[in-house]
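Each chain gets a letter, A, B and so on, in the order its sequence line appears, and its residues count up from 1.
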Amino acid sequence: MPHIFKRFHMALSDVLSELAEEGALPAGLDPAKVTVEPPRDASHGDISTNVGMVLSKPAGMKPRGLATLVGDRMRTLPALGIVNLSIDGPGFLNFRLAPSMWQGELATGLRAGLAYGDSHVGQGVRVNVEYVSANPTGPMHVGHCRGAVVGDVLASLLAKAGFDVVREYYINDAGAQVDVLARSAYHRYREALGDDMGAVPVGLYPGDYLVPLGQNLAQQYGDIWREADEAVWLETIRRDAIAAMLVLIKEDLAALGVRHDLFSSERAMVESGAVEASLAALEARGLIYVGVLEPPKGKTPDEWEPRPQTLFRATEFGDDVDRPLKKSDGSWTYFANDIAYHYDKAIGNPDRAGANILINIFGADHGGYVKRMVAAVKALTDGKVSLDIKLCQLVNLLDKGVPVKMSKRAGNFVTLREVVDEVGANAVRFIMLTRKNDVSLDFDFAKVQEQSKDNPVFYVQYAHARATSVMRNAVDSLSHDQLSPEHLANSSLNRLTDETELGLMRTLASWPRLVEAAAEAHEPHRIAFYLGEVAAGFHALWNKGRDEASLRFILPDDPDLTVARLALVQGVKSVIASGLAILGVKPVEEMR
RNA sequence: GCACCCGUAGCUCAGCUGGAUAGAGCGCUGCCCUCCGAAGGCAGAGGCCAGGGGUUCGAAUCCCUUCGGGUGCGCCA
């Protein structure tokens with residue numbers, strides 16, 4: 001069954017067509033723009049709709065008149081449980097619902113368990129989410145952390161909303177940096193052979209993580225390359241080095257709990273001829289030409305000189321300038337390869353299902369790249385496939401409020417692994433979603449491990465632990481069977497009438513709606529914020545029970561009400577667990 | 001010079017794709033443990049949503065513009 005707000009929206013649509021058939025309203029009123037949502041201020045009721053304002057013009061009626069007409073008809077539908085309605089402000093139609101509606105929704109949630117909030121809004125829509133895509137030149141560092149979590153959680157969120165999701169990692173194994181990797185590995189290989197190589201030359205990767213690779217190469221190939229020219233060993237060592245780096249990266253991802261369905265290789269794609277194929281598609285649309293670009297104003301590069309280039313007409317699709325596809329040596333630019341890659345993901349590869357929506361998670365330093373890529377996808381798919389690029393801002397590492405010093409030159413940059421080992425994947429994942437992706441966020445080692453409400457991870461986990469604790473205590477007086485979700489769902493939920501209880505039930509009931517909205521907006525952080533709200537509501541109810549004994553969960557002289565209260569506690573526990581599941585965070589049973 | 005992101009309480013940030021009297025945490029002030037976990041909760045003070053124009057029934061949200069911060073700007077990926 002659809003969630004409560006959707007049921008109201010459907011009923012509202014039906015009422016509109018009914019009234020149109022009766023001639024009370026013109027035909028063809030579009031309910032799509034009408035919102036049905038909880039009002040910000042609870043004093044306005046339980047459910048609010050702007051139907052009066054949005055449709056007043058096409059209906060040829062005043063907002064309040066239209067709202068009254070629609071509201072009176074909806075009130076006659078018993079399934080909606082409307083006990084009162086009012087027309088407020090400029091024409092809001094506000095409904096007050098019978099408590100049984102919220103109690104019923106709680107029962108629905110209990111029966112669904114972790115599946116509560118699952119939705120079909122994404123049914124039949126294929127989404128490709130590309131995230132991490134760190135260069136395969138070494139282990140991951142903290143900078144990769146945020147994008148990895150945001151992408152992973154967004155993918156889970158979309159899956160919960162019913163989208164058909166592919167999680168993808170793009171291996172940048174075709175550029176100059178993997179040649180540098182190969183040379184760096186060769187240096188370690190010679191060291192492993194016992195040759196005195198001196199310090200790692202500037203320009204190569206100095207990290208110790210290449211030492212074991214050098215030893216493996218020495219062991220596997222012996223000294224066959226000791227005196228050999230680079231051309232002889234480059235390809236083999238590069239291949240082996242990339243494979244070794246991917247092993248490191250996959251270990252790091254696993255430690256963070258991030259997974260991908262697909263690792264696709266840039267090199268393999270290029271070698272398959274995909275670049276030529278995608279550019280042919282652009283060529284066929286007349287979108288490629290040879291021309292000369294203007295130098296950027298105010299910041300002319302030193303070596304700038306006018307030069308004819310092969311260009312893509314990105315300006316026809318909203319970009320600021322047309323973009324080059326070929327380097328001066330004749331090879332493809334990164335952009336050309338990326339065009340091919342996106343074409344591949346969307347419609348150009350018969351071996352893929354083809355995505356309707358492409359999502360990329362990038363660092364904010366790639367902001368300048370967004371317009372041209374969106375333009376390319378629009379051009380290649382004739383606007384049928386959308387590309388949404390989420391840019392993640394920096395994470396500031398702190399310890400007790402003091403910035404953690406990092407210097408890549410000194411080699412003491414912080415790895416992803418160090419952070420995960422220090423505070424745990426659960427805390428890292430949660431904190432990464434406590435900000436919208438496009439604002440920078442502070443990550444304080446001390447704070448994320450603190451056991452206080454300063455720490456949002458703790459605050460939510462504590463609520464879950466408290467709920468678990470109540471259920472544990474209840475076992476003393478009740479059987480496990482009495483505490484089963486089905487039994488709880490069938491309990492006397494109509495006895496849950498305190499305003500704090502009803503408020504918490506309303507919050508829980510908005511979970512399915514929140515999942516859909518967050519998924520459609522591609523905003524996973526909303527899950528974390530919502531869980532904070534649920535936790536706050538539960539903590540408040542808990543403390544109210546300290547002040548008023550009649551509101552305590554376990555009441556020895558009223559087993560009937562006790563079971564109903566436990567149903568609410570279980571509902572809280574279940575929704576928190578359901579939300580944490582999307583975040584990939586393990587709910588804790590007790591704090592230690 | 002141009003593009004993109006950000007600017008909301010003293011601080012850190014939400015604000016449900018345009019809704020009603022703009023919210024939360026920290027900090028500040030004052031309360032709540034004989035009681036299911038006080039590792040919590042309640043109440044109060046605190047705002048020209050950076051400034052200015054516009055769009056409409058209605059703007060923190062959309063458009064233009066100014067200011068401030070960040071990121072980027074042909075052969076790096």
Side-chain angles (χ1 to χ4, degrees), chain A residues 33 35 37-41 43-44 48 50 52-54 56-57 62-63 88-92 94 133 135 172 174-178 266 292-301 303-307 309 311 319-324 326-331 333-335 337-338 363-371 391 393-394 434-436 438-442 450-456 458-459 461-463 465-466 469-470 472-474 510 513-514 516-518 520-521 523 525-526 529-530 532-533 536 539-547 549 552-555 565 569 590-591:
Chain A
K33 280 194 153 179
T35 60
E37 56 191 14
R40 275 195 192 151
D41 189 336
S43 69
H44 290 119
S48 176
N50 59 3
M53 280 106 69
V54 173
S56 75
K57 198 176 282 179
K62 290 188 173 166
D88 302 307
F92 286 101
N94 292 325
S133 300
N135 286 336
N172 293 126
Q177 82 283 355
V178 285
E266 179 184 6
V292 179
L293 290 178
E294 295 288 314
K297 291 200 171 58
K299 196 215 164 201
T300 307
E303 304 278 324
W304 197 90
E305 57 181 73
R307 175 177 298 156
Q309 291 177 294
L311 301 169
D319 201 357
D320 309 303
V321 293
D322 292 337
R323 303 292 180 174
K326 266 188 187 174
K327 301 180 194 172
S328 54
D329 67 358
S331 64
T333 59
Y334 182 81
F335 180 50
N337 285 1
D338 225 10
D365 55 341
H366 288 67
Y369 197 66
V370 172
K371 276 192 178 184
L391 299 175
Q393 277 290 351
L394 292 178
T434 54
R435 290 285 177 275
K436 210 160 41 177
D438 48 18
V439 294
S440 65
L441 97 88
D442 290 345
E450 197 173 291
Q451 307 225 326
S452 79
K453 67 175 304 191
D454 263 12
N455 177 2
F458 170 79
Y459 189 70
Q461 291 282 30
Y462 183 36
R466 272 183 154 178
S469 158
V470 176
R472 220 170 15 232
N473 289 334
S510 66
R513 182 175 172 274
L514 185 114
E516 291 181 355
E520 286 179 332
E523 291 188 349
H525 72 278
R526 292 193 200 179
F529 281 92
Y530 170 78
E533 267 177 55
H539 288 311
L541 183 60
W542 180 290
N543 276 78
K544 210 168 170 189
R546 304 181 70 89
D547 296 337
R552 300 179 69 181
F553 300 125
I554 298 175
L555 304 163
R565 292 258 163 88
V569 173
E590 58 182 330
M591 309 306 300

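Comparing G19(B) with U65(B), their C1' atoms sit 26 Å apart, to the nearest whole Å. Using C1' as the reference atom, C36(B) and G40(B) are 13 Å apart when rounded to the nearest Å. Spacing between C62(B) and U71(B) at atom C1', rounded to whole Å, works out to 24 Å.
For the pair Pro324(A) and Ala540(A), nearest-nucleotide mapping onto RNA chain B gives the more 5' position to Ala540(A). Where Ala536(A) and Lys326(A) each meet RNA chain B at their nearest nucleotide, the meeting point lying more 5' is that of Ala536(A).
Applying the ring pair (Phe, Tyr, Trp, His ring centres under 6.0 Å) rule to Phe458(A) yields the partners Tyr462(A); only residues at least two apart in sequence or on another chain are considered. Partners of Lys544(A) under the salt bridge (Lys or Arg N to Asp or Glu O under 4.0 Å) rule, at least two apart in sequence or in another chain, are Asp498(A). Residues meeting the ring pair (Phe, Tyr, Trp, His ring centres under 6.0 Å) test with Tyr530(A), sequence neighbours left out: Trp511(A).
Nearest to the side-chain atoms of Ala176(A) among the listed nucleotides C57(B), A3(B), A77(B) stands A77(B). In the set A77(B), G1(B), C42(B), the nucleotide with an atom closest to the side chain of Asn135(A) is A77(B). Checking A77(B), G74(B), G41(B) against the side-chain heavy atoms of His539(A) singles out G41(B) as nearest.
Within the nucleic acid shown, Tyr369(A) comes within 4.0 Å of at least one base atom, counting heavy atoms only. Residue contacts shown for Glu450(A) are absent, as no nucleic acid heavy atom lies under 4.0 Å away. Gln309(A) comes within 4.0 angstrom of a base, heavy atoms only.
Pairing partner, A38(B): none, since no Watson-Crick or wobble contact has both distances short of 3.5 Å. The partner of A59(B), taking Watson-Crick or G-U wobble pairs whose two distances both stay under 3.5 Å, does not exist in any strand shown. Nucleotide C16(B) forms no Watson-Crick or G-U wobble pair with any nucleotide shown, as no partner meets the under 3.5 Å limit on both distances. The base-pairing partner of U29(B), taking Watson-Crick or G-U wobble contacts with both distances under 3.5 Å, is A43(B). Here G72(B) sits opposite C2(B) as a Watson-Crick or G-U wobble pair (both hydrogen-bonding atom distances under 3.5 Å).
Atom CD in Glu266(A) sits about 14 Å away from atom P in C76(B), given to the nearest Å. For the pair Met591(A) CE and G37(B) C1', the interatomic distance rounds to 11 Å; values are reported in whole Å. One interatomic measurement links the two molecules: CD of Glu294(A) to P of A3(B), which rounds to 16 Å at whole-angstrom precision. What separates CG of Leu293(A) from P of C2(B) is a distance of 18 Å, to the nearest Å.
In this structure, Phe553(A) and Trp542(A) have perpendicular ring planes: the angle between them is above 60°, well past the 30° mark. Using bins of under 30°, 30° to 60° and over 60° for the plane-to-plane angle, the ring pair Tyr459(A)/His539(A) lands in the tilted bin.
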For this session: Report the C-alpha distance between Glu590(A) and Arg472(A) in whole Å, list the side-chain angles of each, state the deciding distance to 0.1 Å, and finish with yes or no for side-chain contact (heavy atoms from CB on, under 4.5 Å).
Result: CA-CA 10 Å; Glu590(A) 58 182 330; Arg472(A) 220 170 15 232; 4.2 Å; yes

Exercise. Going through the checks in order, is the side-chain hydrogen bond (donor to acceptor under 3.5 Å, both in side chains) test met by Asn337(A) and Glu266(A)?
Worked result: CA-CA 8 Å; Asn337(A) 285 1; Glu266(A) 179 184 6; 2.8 Å; yes

All N/O contacts under 3.5 Å from nucleotides 67-71 of chain B to the protein, with atom names and distances to one decimal?
| from | atom 1 | to | atom 2 | distance (Å) |
| --- | --- | --- | --- | --- |
| U71(B) | O2' | Ala364(A) | O | 3.2 |

Could you go through nucleotides 31-36 of chain B and list every protein N or O atom that sits under 3.5 Å from one of its N or O atoms, giving the distance for each pair?
| from | atom 1 | to | atom 2 | distance (Å) |
| --- | --- | --- | --- | --- |
| C35(B) | O2' | Arg552(A) | NH1 | 2.7 |
| C35(B) | O2' | Arg552(A) | NH2 | 2.7 |
| C35(B) | O2 | Arg546(A) | O | 2.8 |
| C36(B) | O4' | Arg552(A) | NH2 | 2.9 |
| C36(B) | O2' | Asn473(A) | ND2 | 2.6 |
| C36(B) | N3 | Phe553(A) | N | 3.4 |
| C36(B) | N4 | Trp542(A) | O | 3.1 |

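For U17(B), the glycosidic angle deviates from 0 by 90° or less, giving a syn base.
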Problem set entry | Nucleotide-resolved protein contact map, nucleotides 11-27 of chain B, B/S/- at heavy-atom distance under 4.0 Å | -SSSSBB-BB----SS-

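Side-chain contact between Ile554(A) and Arg565(A): absent, with no pair of heavy atoms (C-beta onward) separated by less than 4.5 Å.
The pair Glu523(A)-Arg526(A) counts as a salt bridge, with a side-chain nitrogen and a carboxylate oxygen less than 4.0 angstrom apart.
With Asn50(A) contributing its side chain and Phe92(A) its backbone, the two residues share no donor-acceptor pair below 3.5 Å.
Taking side-chain N and O atoms only, Lys327(A) has no distance below 4.0 Å to OP1 or OP2 of G74(B).
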